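Below is one structure; the comments refer to it alone.
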Number of protein chains: 4
Amino acid sequence: MDAGLAIFSQFGFRGSTLDQVAEAAGLSKPNLLYYFRSKEAIYTALLANLLEDWLEPLEALDPDGDPVQEITSYALRKLDMSQNFPRESRLFANEIIQGAPRIHEVLRGELKDLVDKKAKVISAWVGQGRIKPVDPYHLVFTIWSLTQHYADFEVQVTAVLGDIDPFEGARHHLSALLRGLLVP
Amino acid sequence: MDAGLAIFSQFGFRGSTLDQVAEAAGLSKPNLLYYFRSKEAIYTALLANLLEDWLEPLEALDPDGDPVQEITSYALRKLDMSQNFPRESRLFANEIIQGAPRIHEVLRGELKDLVDKKAKVISAWVGQGRIKPVDPYHLVFTIWSLTQHYADFEVQVTAVLGDIDPFEGARHHLSALLRGLLVP
Amino acid sequence: MDAGLAIFSQFGFRGSTLDQVAEAAGLSKPNLLYYFRSKEAIYTALLANLLEDWLEPLEALDPDGDPVQEITSYALRKLDMSQNFPRESRLFANEIIQGAPRIHEVLRGELKDLVDKKAKVISAWVGQGRIKPVDPYHLVFTIWSLTQHYADFEVQVTAVLGDIDPFEGARHHLSALLRGLLVP
Amino acid sequence: MDAGLAIFSQFGFRGSTLDQVAEAAGLSKPNLLYYFRSKEAIYTALLANLLEDWLEPLEALDPDGDPVQEITSYALRKLDMSQNFPRESRLFANEIIQGAPRIHEVLRGELKDLVDKKAKVISAWVGQGRIKPVDPYHLVFTIWSLTQHYADFEVQVTAVLGDIDPFEGARHHLSALLRGLLVP
DNA sequence: TATGAATGAGGATTCATTCAT
DNA sequence: AATGAATGAATCCTCATTCAT
């Protein structure tokens, strides 16, 4: 799985070969296929495996917590994940950019349901005047896009920033951004 | 070129086949290769062609304009490009996620130089107190990531939003976000 | 024709492309094919054109001349041809090494007839005691192989001799060889 | 290797196809490429493999033996090789006629060194008056060209001689030739 | 559980030749 | 007489998958 993640996240599904994965896994190709039925099977196993972890932070957004605190914590957790699990982020990014042929269902099912649920929470907070008026969906997109950017577009970020570690600054920036956007 | 853009932006370089491109272009495969030396040549021609257009909006950021106005205009122009040229956006996204093997130089050269230049402009505005203290680099990343998100992760956005057009809301959200972040 | 000779003699029939020939001829590919029906046509035209010149020296061997003188002159003329027309020599060599698919008939017809005729002349000289006993066929092969060697295997000859011109020495050597073989 | 030799020696590198080699080897094309990385790899493996065997007879020329005897033995061994390994001979011939792009280095290195060494031996014999004055390099070329002629130009030899086996006569002829050239 | 060997289905590219003008 | 454009038929090579052991 780790080998598959390493390869697939870098080259995408079509760009990766079983030879690469087997090599990275320290297995022979046939032996790799002894554990997984097919190339596709490795890939979908990876996606499925990761999905839960990937959605967990949003799941954890607590309706009973402090709104700004909750949203900021969620965003910072996503940023941490970009920092610590960039390969996972890129694996999803690759999949989704190419039309998400394998997880379209999940997006329209579980993901949509989860976002809808949390959007209601955020809308409620807005209604209670606890945060400024904000479209909850676009707020979520903002958090997703910005946090994942540091993982998915790492080469570009590094090209622009040089040796400076982006995550320290990103954390401050993200907090400020959310404060400006949310704090009434 | 248009056929190449359509295919490469959807499947990435490795995931695309000349058959697909030729089919989309209404040409036979050898005839396609009569105009372009190789698959790689089509792809790099596309990238080179697009790069200028892609950087132009940031280039246009005017040091002598109104700071919030300038930055917001820039962001909205990028958002328009995501709306009107999503394939171009995805082409770059694909390339960069996979490590930008073909445009790494450009990123570290022209792109970095341009961003550095505009970062100075933004920092000056901050120094003059015309906008709130903000890290110019992370501000740029925010604009890039958020605007491109609507093109690059279109399937996901659509899966979550259903039939609602995302761009109308995105424009308002983006403006509000920048206002909260920048207006002193 | 000259362009065809240049290319085909270097790369053989299969190894040469019409592009190369057209380029060498300063013509466009379709225009080349306006003059010659096909790649094959260029090649066979070349072979046919050259064959006569190639056999002429042996034809000229005079039954009424001085045996040693005649044979030596023949050999030296062949050597001159290797020196002055190495491409022609290599064209035939390529063709024959690969089984002479296009001139097999000529070899078994005209060439064999010519050699048979001249073999009789040489045998007659042997019978008259004017030269030492020698198998006329193998004598002819000796002259062919040795003279053509300097053209066909030019790279090897040059690799071994360096900058020294091989032909001067070859002429002396060939004369001596024939003297030793023929002079009673 | 045997299949490769059969095909490449007949059609040259460019004229041979992997299909032919695979067919001759009783393998599928991909399976052939499982054993050899590429077409080129098969070809160069063949050349490398053969080179040593090909130079060995000259290596064996003994400075302490009887000059005429040594040279004649060498020539007859080369002739035997032409008889028994004509495909090997044609493989080299094809390569060298086309400019030896793959073994140029070897020709200018090992081959030249070996010939230089043996040329000195022959020159010494000449200096001692044990054989007639003869250019050692051209003597070597004579032996190479004549012996290989029977393999490389086999179609032509056969076309001229018909059913007669050439090698029996060639041996006598070659011995006589060397006697006339060398015996003082 | 493990792997050397094998292969069918592509996939990029080349090339002789043809077509339209 | 000339050529830009087009293409079918190779041709080399890759790769996911299977087979035999």
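This one's a predicted model, so the numbers in the text were calculated from it and none came from an experiment. All heavy atoms count here, side chains included; hydrogens, waters and symmetry mates do not.
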- Item | Heavy-atom side-chain proximity of D:Phe36 to D:Met1 below 4.5 angstrom | yes

- Task: For DNA chain E, find the residues of residues 5-24 of chain B with a heavy-atom distance under 4.0 Å and give them by number; none if there aren't any.
- Result: B:Ser16, B:Thr17, B:Leu18

- Student check: side-chain heavy atoms of C:Glu110 and C:Ile103 closer than 4.5 Å: no

- Note on the structure: For A:Tyr43, the ring pair (Phe, Tyr, Trp, His ring centres under 6.0 Å) test, sequence neighbours excluded, returns A:Phe8, A:Phe13

- Item | Main-chain N/O of A:Gln10 paired to A:Arg90 side chain as donor or acceptor, under 3.5 Å | no

- Message: What range of DNA chain F does chain A touch, first nucleotide to last, counting atoms under 4.0 Å from its heavy atoms?
- Response: F:dC15 to F:dT18

- Item | D:Phe85 CZ: over 12 foreign heavy atoms closer than 6.0 Å | no

- Is the closest side-chain heavy-atom distance between D:Phe92 and D:Asp152 below 4.5 Å? no

- Quick one: stems for DNA chain E, with Watson-Crick or G-U pairs under 3.5 Å, at least three in a row? E:2-21 with F:2-21

- Task: To the nearest 0.5 Å, tell me how far C:Gln148 CD sits from C:Glu88 CD.
- Result: 12.0 Å

- pair C:Asp2-C:Arg87: side-chain heavy atoms closer than 4.5 Å: yes

- Please list, chain by chain and in numerical order, all residues satisfying ring pair (Phe, Tyr, Trp, His ring centres under 6.0 Å) with B:Phe153, sequence neighbours excluded. B:His149

- Message: Within the 4.5 Å heavy-atom criterion, are A:Gln98 and A:Arg14 side-chain neighbours or not?
- Response: no

- Task: Kindly state which residues belonging to residues 29-42 of chain C come within less than 4.0 angstrom of DNA chain F, counting heavy atoms of the residue only, listed by number.
- Result: C:Pro30, C:Asn31, C:Tyr34, C:Tyr35

- Item | Pairwise 5' ranking along DNA chain F for B:Gly26 and C:Gly26, keeping only the more 5' one | C:Gly26

- Does a side-chain heavy-atom distance below 4.5 Å link D:Leu18 with D:Ile42? yes

- Item | Side-chain touch B:Asn94/A:Asn94, heavy atoms, less than 4.5 angstrom | yes

